[in-house]
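Sharing a structure here in structure tokens format.
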Amino acid sequence: MLYIACRTKLTYLRWWCYLVKTHNIIGTVYLIVNVKMILFRKFRVLILMVFLVACTMHIMIDLLPKLEKRAAGTNSGTGGCSCSHNPSEEPRNWAKQQARSGPESGWPNKHTLRILQDFSNEPSSNLTSHSLEKVTGTVDKADSEKRIPLVPGNIKDTGAGKKRYAPGFSRLAALYDHPLYKIDPPSLKDDDTLFSVNTDIRLYPKTAGNPEWHNEGNAEEEEYSPTGGATTESYPNWLRFHVGINRYELYSRHNPTIDALLKDLVSQSITSVAMKSGGTQLKLIMTFHNYGQALFKPMKQTREKETPPDFFYFSDFERHNAEVAAFHLDRILDFRRVPPVAGRLVNMTREIRDVTRDKKLWRTFFISPANNICFYGECSYYCSTEHALCGKPDQIEGSLAAFLPDLALAKRKTWRSPWRRSYHKRKKAEWEVDPDYCDEVKQTPPYDQGTRLLDVMDMAVFDFLMGNMDRHHYETFEKFGNETFIIHLDNGRGFGKHSHDELSILVPLSQCCRVKRSTYLRLQLLAKEEFKLSTLMEESLLRDRLSPVLIRPHLEALDRRLRVVLKVLSDCVEKEGFASVVEDDLRSPHHESGARGR
Ligand SMILES: *[C@@H]1O[C@H](CO)[C@@H](O)[C@H](O)[C@H]1NC(C)=O
Ligand SMILES: *[C@@H]1O[C@H](CO)[C@@H](O)[C@H](O)[C@H]1NC(C)=O
Ligand SMILES: *[C@@H]1O[C@H](CO)[C@@H](O)[C@H](O)[C@H]1NC(C)=O
């Protein structure tokens, strides 16, 4: 019956199914959330209730024999969610059928297919030797974590005893070894983590005691923990990333999960593709074999192509390499507010056309006169034959950004940026005409207290360095209220022009003259010849599959812009005095909580 739940077209039921199946932690919370949501949908209430009851019964029925077998009590299981045990043959057949009969006749009922595909690529499917290698490769890292339960608070421990760098000199390693990159985050209380992991209940048995049971249906699980046991290692990396999110950061420094997640983004097989609705340009939501999801932005123009001088910032293309570079830049600045992004070369036929259930997307595929595969999808601009995205001949580059937790699990609040542009060819925004605009902002909640204003200053620096003029909104996790970091999503309009420094992006900083001391010191460090932002970026980006991600002039622009930022700051200090410009967020061990008066 869970099987049915897993196949329903209702996304949240499916989510619930696989949360129960693969991880358990959030399962219960999630169920409650679901029930709430269901109550809003009057006409579905009855059916869904039946589903939920049926699912619960199913788990219990499924569990009982196991619990008996296993002498009761070693675990309270992962439930044999049968959705993973019964991989359907349908999708594969369908794919063939589709190939034979073409789009018009080959499309079976959308609803039945939609979900089937998510669960089609399961235990019995082939793991390539490559991905096996990868999985075993990450085990070493996982081992270092094994001793501690996955409590997001254990930020210091997770990085311990881990070799992260290849032998040979690495500036990046030297940077991350610098005391400024070793400042402990505030200690976390219960409500400082996005999800609470129930460590009292051991959901996965550590014993290798019952191999039959283990093999019975959880081959998938084994894939994640090839050592055959263990607790938290069986969480897929994307979930570990979600569980690690807290009030102060999206991920901790030296977190092995992030590197593993980046590898997943590049190597996990893609099981389904959908178009993201809304937005001006085509973006695809890709779902992976381990149920992780990522936002795919295909390459629209080459790295060398600068934004034409007559283009408005809002009509520029989004750049896939900017998304990748922004993640690395944010990490080097030690903000850690951009979700992990990796570049990937995607086979357009096998990994998009053949796995999408979206007829509208499927129909836009064609073969160009040069014999390349192309498609254009559906969106409000640039989705037409003239703006088609073409492969070489069937491979296309793109950026894959790991999804944040589902909005049903962790709501986010969207804030309008106080320094938002007018998005109009002639109109000016208020901040552009009023030099004292910041005084107003400083008195408006939530900028009147806490670190929000300083976080916006950080964001201005980040955006100026990459030349991103398109920061109209930002987001926070609702759970943390006003006292939390801000998430830097959507960086595709950065790195458009390397020959021009857009000073208006720095206006928040030059108008407010406020900066966190930690940011100020790091910027000074990155400007030093021995570190040098451009060299660090270059080294960091070498790890990406699409390296070189940025052409040299863009890297060099970073150093030049960093000097501009420091100049603005030193002018501020000269004008208003160090103490009123630089906010000391490094005072106590609980520096940030101190600053927040918590
Ligand atoms: C796995 O791959 C091999 C060839 O690589 C193929 O013969 C076999 O049928 C595949 N098995 C499954 C279950 O897809
Ligand atoms: C892409 O996938 C198709 C199968 O759908 C295959 O024929 C083709 O060789 C692949 N292209 C590359 C470059 O691997
Ligand atoms: C958070 O900010 C909003 C302004 O957007 C304000 O109305 C609210 O009172 C603030 N909450 C707290 C707890 O300060």
Side-chain angles (χ1 to χ4, degrees), residues 91-103 106 117 120-121 125-126 128-131 189 191-192 247-248 266-273 284 286 288-289 296 298-299 343-358 361-362 364-368 370-375 389-398 411-420 430 437-456 459 472-487 508 545-546 592-598:
R92 275 169 231 155
N93 294 341
W94 169 70
K96 283 178 212 151
Q97 184 193 356
Q98 176 198 334
R100 256 184 274 120
S101 53
Q117 286 221 326
S120 63
N121 201 356
S125 73
N126 278 325
T128 62
S129 56
H130 176 76
S131 64
K189 302 188 197 68
D191 60 351
D192 288 342
R247 184 184 291 279
Y248 309 105
V266 177
S267 55
Q268 279 271 329
S269 63
I270 296 163
T271 56
S272 80
V273 175
L284 302 174
M286 294 191 161
F288 300 114
H289 184 196
F296 180 78
M299 173 161 112
R344 178 167 176 164
L345 212 51
V346 168
N347 182 326
M348 296 162 76
T349 29
R350 195 183 64 229
E351 295 177 314
I352 300 179
R353 196 193 64 185
D354 292 353
V355 294
T356 186
R357 282 172 254 106
D358 193 327
L361 175 61
W362 199 90
T364 65
F365 276 83
F366 63 92
I367 295 176
S368 75
N371 257 332
N372 292 321
I373 309 266
C374 305
F375 75 108
L389 306 163
C390 293
K392 269 181 188 171
D394 56 0
Q395 308 258 97
I396 191 165
E397 275 185 17
K411 281 215 194 74
R412 296 198 295 271
K413 190 165 167 43
T414 303
W415 306 79
R416 215 182 142 102
S417 163
W419 283 272
R420 184 182 193 271
E430 199 185 335
Y437 180 73
C438 185
D439 294 339
E440 237 171 86
V441 176
K442 277 179 185 164
Q443 284 158 22
T444 318
Y447 305 99
D448 59 341
Q449 53 176 312
T451 55
R452 182 62 63 83
L453 187 70
L454 295 165
D455 284 338
V456 172
M459 185 164 67
H472 41 84
H473 286 85
Y474 63 86
E475 292 185 25
T476 58
F477 287 106
E478 204 170 277
K479 177 177 176 184
F480 301 135
N482 295 346
E483 300 182 354
T484 181
F485 70 92
I486 60 186
I487 313 169
R545 189 65 65 93
L546 299 183
E592 284 194 63
S593 29
R596 285 183 182 128
R598 302 180 72 248

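When a ligand or atom number is given, it counts from 1 through the structure's own listing order.
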### Message
To check you understand the geometry: which heavy-atom pair defines the closest contact between Phe477 and Thr484, and what is its length?
### Response
O-CG2, 4.4 Å
### Query
Which residues satisfy the side-chain contact (heavy atoms from CB on, under 4.5 Å) test with Gln395, sequence neighbours excluded?
Leu345, Asn347
#### Entry: side chain to side chain contact (heavy atoms under 4.5 Å, CB included) evaluation trace for Tyr474 with Arg452
CA-CA 11 Å; Tyr474 63 86; Arg452 182 62 63 83; 3.1 Å; yes
### Message
I'd like to check which ligand 2 atoms, numbered from 1 as shown, lie under 4.0 Å from a non-hydrogen atom of Gln395.
### Response
12 (C), 13 (C)
#### Entry: Shortest non-hydrogen contact from Phe485 toward Asp455
CA-OD2, 3.9 Å
Report all N/O contacts between ligand 3 and the protein shorter than 3.5 Å as a table of atom names and distances to 0.1 Å; if there are none, say 'none'.
unit_1: ligand 3; atom_1: 2 (O); unit_2: Asn482; atom_2: OD1; d: 3.3
unit_1: ligand 3; atom_1: 2 (O); unit_2: Asn482; atom_2: ND2; d: 2.4
unit_1: ligand 3; atom_1: 11 (N); unit_2: Asn482; atom_2: ND2; d: 2.7
unit_1: ligand 3; atom_1: 14 (O); unit_2: Asn482; atom_2: ND2; d: 3.3

### Query
Can you list the ligand 2 atoms lying under 4.0 Å from a non-hydrogen atom of Asn347?
1 (C), 2 (O), 3 (C), 8 (C), 10 (C), 11 (N), 12 (C), 14 (O)
### Query
Taking only residues two or more places apart in sequence or in another chain, which ones pass side-chain contact (heavy atoms from CB on, under 4.5 Å) with Lys392?
none
### Task
Please identify each residue that fulfils ring-ring contact (aromatic ring centres under 6.0 Å, His included) with Phe480, with sequence neighbours left out.
none
### Query
At their closest point, which heavy atom of Leu389 faces which heavy atom of Met348, and how far apart are they?
O-CE, 3.6 Å
